[in-house]
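Reckoned from all heavy atoms, side chains included, excluding hydrogens, waters and symmetry mates. Residues: numbered from 1 along the sequence shown.
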Amino acid sequence: MRAAMQQGPLHLAQDLSLIFGDWGVPLEEVKQPVSIWQGECDATAAPVLANALVVRLPRCDFHLVPGAGHLSVWIAHAEQVLGKL
């Protein structure tokens, strides 16, 4: 957290406003498929936050990765994640 705040709190505040702010479209109306990859042990973005999105997105493909943390999903599953794109 100290490293993330070295340049001040602005970037953290921007991230939080994007995560928790109004996205301008009801998630229930998103027609495109969405993939969410979540580490089961993520201490930065708790899986309960991903679940709040999953239940509202009609075409959501949710992947809860056992034992993975915040960035280790990318490290262990980069090929699978990028393959979904």
Side-chain angles (χ1 to χ4, degrees):
M1 182 58 86
R2 190 174 327 159
M5 301 290 278
Q6 279 181 335
Q7 296 179 12
L10 176 64
H11 296 99
L12 177 60
Q14 288 174 330
D15 280 353
L16 292 174
S17 71
L18 289 171
I19 293 168
F20 295 109
D22 181 6
W23 292 0
V25 61
L27 296 180
E28 294 81 4
E29 294 180 15
V30 173
K31 293 180 178 16
Q32 291 296 100
V34 175
S35 288
I36 295 179
W37 291 76
Q38 174 74 46
E40 179 183 49
C41 300
D42 191 334
T44 303
V48 68
L49 297 174
N51 287 332
L53 293 174
V54 170
V55 298
R56 294 181 61 200
L57 290 163
R59 297 183 64 197
C60 186
D61 185 22
F62 181 56
H63 305 270
L64 184 62
V65 181
H70 190 65
L71 296 177
S72 60
V73 171
W74 284 100
I75 295 166
H77 299 278
E79 189 172 316
Q80 290 173 291
V81 173
L82 294 174
K84 287 286 187 178
L85 296 176

Shortest non-hydrogen contact from [X] to [Y]?
{"X": "H70", "Y": "D42", "value": "ND1-OD2, 2.8 Å"}
{"X": "Q38", "Y": "A50", "value": "OE1-CB, 3.3 Å"}
{"X": "V30", "Y": "P58", "value": "O-CG, 3.3 Å"}

Same cluster or not: V65 versus F62, using hydrophobic residues (I, L, V, M, F, W, Y) connected whenever any side-chain heavy atoms lie under 4.5 Å apart? no

How about W74 and L82: do any of their side-chain heavy atoms sit closer than 4.5 Å? yes

So do the side chains of I36 and L57 get within less than 4.5 Å of each other, counting heavy atoms only? yes

Nearest-0.5 Å distance, [atom1] of residue [X] to [atom2] of residue [Y]:
{"X": "H63", "Y": "Q80", "atom1": "NE2", "atom2": "CD", "value": "8.0 Å"}
{"X": "R59", "Y": "K31", "atom1": "CZ", "atom2": "NZ", "value": "10.5 Å"}
{"X": "L64", "Y": "C41", "atom1": "CG", "atom2": "SG", "value": "9.0 Å"}

Check whether more than 12 heavy atoms from other residues, nucleotides or ligands sit under 6.0 Å from atom CD of E79, and answer yes or no. no

Side-chain (E40) to main-chain (G67) donor-acceptor, under 3.5 angstrom: yes

